[in-house]
Amino acid sequence: RKSVVRITTGSQALDELLGGGIETLCITEAFGEFRSGKTQLAHTLCVSTQVPIHMHGGNGKVAYIDTEGTFRPERIVPIAERFGMDANAVLDNIIYARAYTYEHQYNLLLGLAAKMAEEPFKLLIVDSVIALFRVDFSGRGELAERQQKLAQMLSRLTKIAEEFNVAVYITNQVIADPGGGMFITDPKKPAGGHVLAHAATIRLMLRKGKGEQRVCKIFDAPNLPEGEAVFQVTSGGIMD
Ligand code: ADP
Ligand code: MG
């Protein structure tokens, strides 16, 4: 039996809200408007996942699928320094791939899964998981097919989380509509896919606060308290 590993977000308040950090064997979906911190959290997790377990890391490698071209290796450097890690070593352990179509995104997942069978990964990021679907299935009559392909992608992500004991962190950008029911992993909502109904999924809604502050709220997680955490986006990554 695989045991859950919790990976620090860099913010103690956010970790506490999450019951220790983002979990392996599970999908964490960050949902929020532009600049709410989804990608900065991804960058922070790229580093914290590699930190030793006793320091609340995952002691494992990171796979990063980027559909928007917003990964910045140079951002990893100050974040690695903040965690006391060697930046070059950290960068070497981030397997990065840019996806250009939803099919490409799916095929990259299959390739990364093959790598995970051979090397100890602890995190898979897909930032953003849905952007290419919005582009590739933009026609009016294409919603059903889009939902089917999206469900297939989410089901593959669940399998990867469970088979390799990795945390899966996916992002979903929306226009400002707090609580608008747009979580793609929500089995109850049309934007999701009912095939995911069994999957353990944590849904985080991020929004901007004052200045560098960001606010995170968790949606209907049975094991976690209702509430919010405030954190900051800094040069060293996500912090309190
Ligand atoms: P999203 O992915 O949700 O659109 P991001 O994660 O890209 O948003 O967050 C963007 C925010 O992160 C911006 O408001 C920016 O001010 C902040 N940010 C990015 N880089 C840095 C940095 N080096 N130092 C401080 N803040 C930063
Ligand atoms: Mg982003």
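Just so you know, ligand 1 is whichever comes first in the structure, and atom 1 is the first atom listed for that ligand. Please read all numbers here as calculations on a predicted model, not as lab measurements.
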State plainly whether the residues E228 and R207 are in salt-bridge range, i.e. N to O under 4.0 Å.
yes

If you compare all heavy atoms of P52 against all heavy atoms of N59, which two are closest, and at what distance to 0.1 Å?
CA-CB, 4.4 Å

Look at the rings of Y64 and Y96 and say which category their plane angle falls in: under 30° parallel, 30 to 60° tilted, over 60° perpendicular.
tilted

With hydrogens left out, which residues have an atom under 4.0 Å from ligand 1, given that only heavy atoms count?
E33, F34, R35, S36, G37, K38, T39, Q40, R75, Q173, E212, R214, V233, T234, S235

Minimum heavy-atom distance between N172 and K38, given as atom pair plus value
O-CD, 3.9 Å

Just by distance, do the side chain of T44 and the backbone of Q40 share a donor-acceptor pair under 3.5 Å?
yes

Tell me, please, if T171 has any N/O/S atom, main chain or side chain, under 2.8 Å from the Mg ion (ligand 2)?
no

Is atom CD of Q213 surrounded by more than 12 heavy atoms (other residues, nucleotides or ligands) closer than 6.0 Å?
yes

